[in-house]
Amino acid sequence: MNTPEAQEGAVAQGLGAPPDRNGLAGTALVLGAVGLSTSIFFIGGPLGVIGLVLGVVALVTTGRTGTGRGRAVAAVVTSALAVVVSVLVAVLMIWYANHTQACYRPDSLHQYTQCVREHLAGSN
């Protein structure tokens with residue numbers, strides 16, 4: 001029988017450890033990892049924010065339950081990185097668009113690349 005008393009006895013004898021389950025931490029970690037891997041496509045920013053919120057909630061929960069702390073910390077770190085990378089990509093894209101604005105109506109790809117090189121070399 002798989003009664004609570006039998007489980008406690010098995011744990012006391014070293015036959016098995018109690019399951020380390022914290023679904024919120026796992027969900028936050030998945031969102032953080034997916035957010036980090038997609039942050040250069042701007043999808044990662046919102047996923048990172050959701051993962052960050054869930055990761056912080058999971059950290060608070062682990063303070064009470066004691067399970068899933070490692071996953072919750074990893075979720076907070078990966079989610080925060082996803083948000084930071086998304087913001088950096090957005091800033092760099094805005095900077096690039098601002099500095100190459102005059103090049104948006106080229107007659108050919110060669111003219112466009114030449115124009116971009118001239119504008120970016122002149123902005124340094």
Side-chain angles (χ1 to χ4, degrees):
M1 298 259 162
N2 199 8
T3 63
E5 293 82 17
Q7 288 177 352
E8 288 175 12
V11 169
Q13 294 175 4
L15 299 176
D20 181 22
R21 294 188 182 166
N22 186 339
L24 197 56
T27 303
L29 182 57
V30 168
L31 284 172
V34 171
L36 185 58
S37 64
T38 60
S39 59
I40 60 170
F41 303 113
F42 301 112
I43 299 167
L47 290 178
V49 169
I50 295 168
L52 189 61
V53 169
L54 291 178
V56 169
V57 171
L59 271 176
V60 171
T61 303
T62 60
R64 285 184 268 134
T65 63
T67 59
R69 181 163 175 78
R71 280 185 291 186
V73 170
V76 169
V77 170
T78 55
S79 298
L81 284 173
V83 171
V84 168
V85 170
S86 290
V87 168
L88 286 176
V89 168
V91 167
L92 287 174
M93 293 212 41
I94 291 169
W95 177 86
Y96 177 82
N98 188 35
H99 282 82
T100 60
Q101 194 171 14
C103 302
Y104 289 151
R105 295 186 186 192
D107 293 331
S108 69
L109 181 62
H110 177 71
Q111 286 179 342
Y112 173 76
T113 56
Q114 184 177 0
C115 180
V116 168
R117 283 187 191 127
E118 290 171 5
H119 279 82
L120 291 180
S123 67
N124 288 334

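For the numbers below, each heavy atom of this structure counts, side chains included, while hydrogens, waters and symmetry mates do not. Start at 1 with the first residue, then count along the sequence.
- The two residues His99 and His119 come nearest to each other via the heavy atoms O-CB, 3.3 Å.
- Residues Ser37 and Val34 approach most closely at OG-O, 3.0 Å, considering heavy atoms.
- Annotation: the span from Trp95 atom CH2 to Thr100 atom OG1 amounts to 8.5 Å, rounded to 0.5 Å.
- Connection of Leu59 to Val49 is not established within any shared hydrophobic cluster, with ILVMFWY side chains joined at heavy-atom distances below 4.5 Å, either directly or through further cluster members.
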Using the side chain to side chain contact (heavy atoms under 4.5 Å, CB included) rule, take Leu92 and Val89 through it: C-alpha gap first, then chi angles, then the decisive distance, then the call.
CA-CA 5 Å; Leu92 287 174; Val89 168; 5.8 Å; no
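- What you find for Ala28 and Gly51 is that their closest heavy atoms are CB-O, 3.6 Å.
- Taken together through direct or relayed side-chain contacts under 4.5 Å among Ile, Leu, Val, Met, Phe, Trp and Tyr, Val84 and Ile94 form parts of separate hydrophobic clusters.
- Note: the hydrophobic cluster containing Leu31 also contains Ile43 (ILVMFWY, side chain heavy atoms under 4.5 Å, direct or indirect links).
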Show me the donor-acceptor pairs, under 3.5 Å and distance only, between side chains in residues 72-80 and residues at least two apart or in other chains.
unit_1, atom_1, unit_2, atom_2, d
Thr78, OG1, Ala74, O, 2.9
Thr78, OG1, Ala75, O, 3.3
Ser79, OG, Leu52, N, 3.4
Ser79, OG, Ala75, O, 2.7

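- With rounding to the nearest 0.5 angstrom, the CG atom of Leu120 is 9.0 Å from the SG atom of Cys115.
- Of the inter-residue distances, the one linking Gln114 atom CD with Gln111 atom CD reads 7.5 Å to the nearest 0.5 angstrom.
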Go through it in stages, so that I can follow the logic: the residues are Val57 and Leu24, the test is side chain to side chain contact (heavy atoms under 4.5 Å, CB included), and I'd like the CA-CA distance, side-chain angles, deciding distance and then a yes or no.
CA-CA 8 Å; Val57 171; Leu24 197 56; 3.3 Å; yes
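- Separating the CD atom in Glu118 from the OG1 atom in Thr113 is a distance of 9.5 Å, to the nearest 0.5 Å.
- Under the 4.5 Å side-chain heavy-atom criterion for grouping Ile, Leu, Val, Met, Phe, Trp and Tyr, Phe41 is connected to Leu81 within one hydrophobic cluster.
- Residues passing the side chain to side chain contact (heavy atoms under 4.5 Å, CB included) test with Ala82, sequence neighbours excluded: Leu36.
- In this structure, Arg71 and Leu29 approach most closely via the heavy-atom pair CG-CD2, 4.0 Å.
- Clustering ILVMFWY residues whenever any of their side-chain heavy atoms sit less than 4.5 angstrom apart, transitively, puts Ile40 in the very cluster that holds Met93.
- Nearest heavy atoms, Ser86 versus Gly44: OG-C, 3.6 Å.
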